[in-house]
Novice: 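One structure is given below, represented as structure tokens, and several questions about it will come after.
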Number of protein chains: 2
Amino acid sequence: MAKKNAPTIKDVARAAGVSVGTVSKVINGIAVRKESQRKVQEAIEALHYEVNTYARGLKISKSGLVALIVPNTMNPFYATFADHIEAALYEHSLKLILCCSDEIPEKELEYLNSAKQNKVDGIIALTYSDIGSHITDGTPIVVFDRFFENRSIPRVGSDNFTGACMAVEKLLELGCRHPVYIRFHSKFPGEADKRRDGYLYACQRHNLEPDYLDMVDDGTWREALGEFLERHKRPDGSLTFDGVFAHTDFHGYHFMKMLTENGYRVPEDVQLIGFDGIERFGTPGDYVISTMCQPVRQLAQKCVEIILLEDRSTVPSLTLLPVTYCYGGTTREPGR
Amino acid sequence: MAKKNAPTIKDVARAAGVSVGTVSKVINGIAVRKESQRKVQEAIEALHYEVNTYARGLKISKSGLVALIVPNTMNPFYATFADHIEAALYEHSLKLILCCSDEIPEKELEYLNSAKQNKVDGIIALTYSDIGSHITDGTPIVVFDRFFENRSIPRVGSDNFTGACMAVEKLLELGCRHPVYIRFHSKFPGEADKRRDGYLYACQRHNLEPDYLDMVDDGTWREALGEFLERHKRPDGSLTFDGVFAHTDFHGYHFMKMLTENGYRVPEDVQLIGFDGIERFGTPGDYVISTMCQPVRQLAQKCVEIILLEDRSTVPSLTLLPVTYCYGGTTREPGR
DNA sequence: CTGTTAGCGCTTTCAC
DNA sequence: GTGAAAGCGCTAACAG
């Protein structure tokens, strides 16, 4: 905002009959004489004075800005995360610079550099490239949900491994005998890979033969799901599995649709649990499918908390928060 | 980012053996001797120099920041809008400050003031309070989707009136004889009110008896919809309406669910068209219900375009973009 | 073309 | 407690 003739601290000082130093003290809540305090306050009101953040930033090199790098805000998971980050930042009088990378590594890097240039007080990143290796200066940074080799950067995420185990065990508890796992993942390795490990571990622990679809998401997931379904049909048309743990709610939802369209009843014939905790229209509690819900709000708060930590030597290098099972209509629930 | 010893323009000048003025010129793309150009560039590389945005901002009072005030980003409509705004800003090398107001007037105002204080180059606002009356200085601002009394502020939105007419006519075209309208609105007046006007106009034009539910959204919409449904059941169980124009996809979706749960088939018994163009998981083209789709992307671009307009006297005070009908499974479509 | 220089508005010593 | 003054890093005007 290029307000041409905005009043400066000088104008206030003149109007209040004190020096700029005194005005500065009042602004920053440093003790001054009651009398001066009052006069300055009055002058500020009268002139509609507002501190110039550039000048202040130039002096104290703090902007009150935090950059959030996410792929986009179309995806409800990212959108929700962004919303909670914004809220958490607001609590600390910080502003959010939203950076959508579209999952393009170059754009992620570009935003990262721009963030540094804009002198943000911190960076929260959910990226696909290993941005950690590009951090050179002392800007506080935390990566969310995507962990890379560079272990020197604090990481925050959900306990994917345990969550996956819980999903399988929930399916078993609800009567499933043959839970399968479907997954489409980005070509970059990430923390979410642990969901597969969790599935495998749970299978082993419960003496189940693992049966899963695990492929890179190249846009052909619909065909792949169809094929997977065909492959699991018995001659009589019934399915060889009775439970599905989906890597994400997105694919879980679409697989449910496919099952329904093929005449299978969900949850009567097949029960299905996804991962993420996506809610319809963002309405709290209205899960699109039964799911292992990520504590997005707490995760966001944790990220902000870590960014704000004064003593960088005390920041935990890894923070994993637990996920919880949430009913969303695709599992058999007693009494529903 | 409080990088303590970041190299300054002075350091670059010294390293390159030129003056700060020359360095400044290089940075800002002003012609200098080839030789100097090269030396400065090298020095910048070597020192990893980055311009200090505070100092620059202090000087030229431009931040490259634009504030977007929306209620939240949980709601897919807002989330999508925010995403497109971000993209449009990116095209102009501008950064987005995301402000979620939670629909709280005080918060909207607070963010507005904070935006001014942060010297943003523009403000895009989707608010419930008449923020227009609080704008005092020359910050470019545009309000989206919510129009108030203050007509001096440029407004951008969808052509709700025409869109509503189109919805009704589409229903008629698809064989409906008795389209009803359901609506839950905020207690603040807004541009979306025109959707009701459009419905009424279309009814009048086609000699239909208007029949609609129009109430303030006080959280009891589910009950109200149930009541509305009961009221329209004939003794034989059939419904007195065969088409629904829903004020938003949200309520349209939930009414559809309710109809289905009550044994009515959609779209066989009742066809339904919503408004907004919400897509499942943000997937392009995967509309949750048939809908009058707002051109969110174009709307966002228009907002940014208006913010950027140099000559403020040429900004259109009102920009209405057309909505388009999109099939989402709740209407009878030949060949689907 | 290039170097010098005067601030932009603010915080922060440092005397008083 | 308070005022004076020195910059923070940069741009732009001006003189060379």
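The sequence lines fix the lettering, A, B, ..., with proteins before strands; numbering per chain opens at 1. Not measured: the values here are computed from a predicted model. The analysis underlying the following values was restricted to heavy atoms, covering all of them including side chains, and did not include hydrogens, waters or symmetry mates.
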Novice: Under 6.0 Å from the CD atom of B/E310, do we count more than 12 heavy atoms belonging to anything else shown?
Specialist: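 Counting neighbours around CD of B/E310, 12 or fewer heavy atoms of other residues, nucleotides or ligands fall under 6.0 Å, so no.
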
Novice: Can you see if the side chain of A/R33 gets near the phosphate of D/dT2 - specifically, an N or O under 4.0 Å from OP1 or OP2?
Specialist: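 So the side chain of A/R33 is within the cut-off, an N or O lying under 4.0 Å from OP1 or OP2 of D/dT2.
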
Novice: Report which part of the nucleic acid B/V51 touches: base, sugar-phosphate, or nothing (heavy-atom distance under 4.0 Å, all strands).
Specialist: sugar-phosphate

Novice: Could you check how far CD1 of A/I60 sits from P of D/dC8, rounded to whole Å?
Specialist: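 A/I60 atom CD1 is separated from D/dC8 atom P by 16 Å.
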
Novice: Separation of A/I27 atom CD1 from C/dG9 atom P, in whole Å?
Specialist: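 It works out to 13 Å between those atoms.
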
Novice: Do we see a donor-acceptor contact under 3.5 Å between the side chains of B/S158 and B/N160?
Specialist: no

Novice: Send over the distance from A/K10 NZ to D/dG3 C1', rounded to a whole Å.
Specialist: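 For the pair A/K10 NZ and D/dG3 C1', the rounded distance is 14 Å.
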
Novice: Under 4.0 Å between a side-chain N or O of B/N52 and OP1 or OP2 of D/dC8?
Specialist: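 Negative; the distance criterion is not met.
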
Novice: Between A/V20 and A/K25, name the one whose nearest nucleotide on DNA chain D is closer to the 5' end.
Specialist: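 It is A/K25, whose closest nucleotide lies nearer the 5' terminus.
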
Novice: Could you tell me whether B/T8 contacts a base, only the sugar-phosphate backbone, or nothing, with contacts defined as non-hydrogen atoms closer than 4.0 Å?
Specialist: sugar-phosphate

Novice: Taking OP1 and OP2 of D/dT11, is either one under 4.0 Å from a side-chain nitrogen or oxygen of A/Y54?
Specialist: no

Novice: Respond yes when some side-chain nitrogen or oxygen of A/S36 is under 4.0 Å from OP1 or OP2 of D/dT2, and no when none is.
Specialist: yes

Novice: Starting from P on C/dC1, measure out to CD on B/E35 and report it in whole angstrom.
Specialist: 14 Å

Novice: Of the listed nucleotides (D/dT11, D/dT2, C/dC10), which one gets closest to any side-chain atom of A/R56?
Specialist: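 Among the listed nucleotides, the one closest to the side chain of A/R56 is C/dC10.
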
Novice: What is the ring orientation for A/F144 with A/F77, classed by angle as parallel under 30°, tilted 30 to 60°, or perpendicular over 60°?
Specialist: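 Correct class here is parallel.
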
Novice: Just by distance, no angles: are the side chains of A/Q41 and A/E45 close enough, under 3.5 Å, to form a donor-acceptor pair?
Specialist: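 Side chains of A/Q41 and A/E45: no pair found under 3.5 Å.
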
Novice: Can a side chain N or O of B/S19 be found less than 4.0 Å away from OP1 or OP2 on C/dT4?
Specialist: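 No, because none of the side-chain N or O atoms of B/S19 sits under 4.0 Å from OP1 or OP2 of C/dT4.
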
Novice: Assuming nearest nucleotide by heavy-atom distance, tell me which of B/Q37 and A/K59 is located more 5' along DNA chain C.
Specialist: B/Q37

Novice: Distance check needed: C/dC1 P versus B/K34 NZ, whole Å only.
Specialist: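 Going from B/K34 (NZ) to C/dC1 (P), I get 10 Å.
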
Novice: Round to a whole Å and report the spacing from CD1 of B/I9 to P of C/dG7.
Specialist: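 Going from CD1 in B/I9 over to P in C/dG7 covers 19 Å.
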
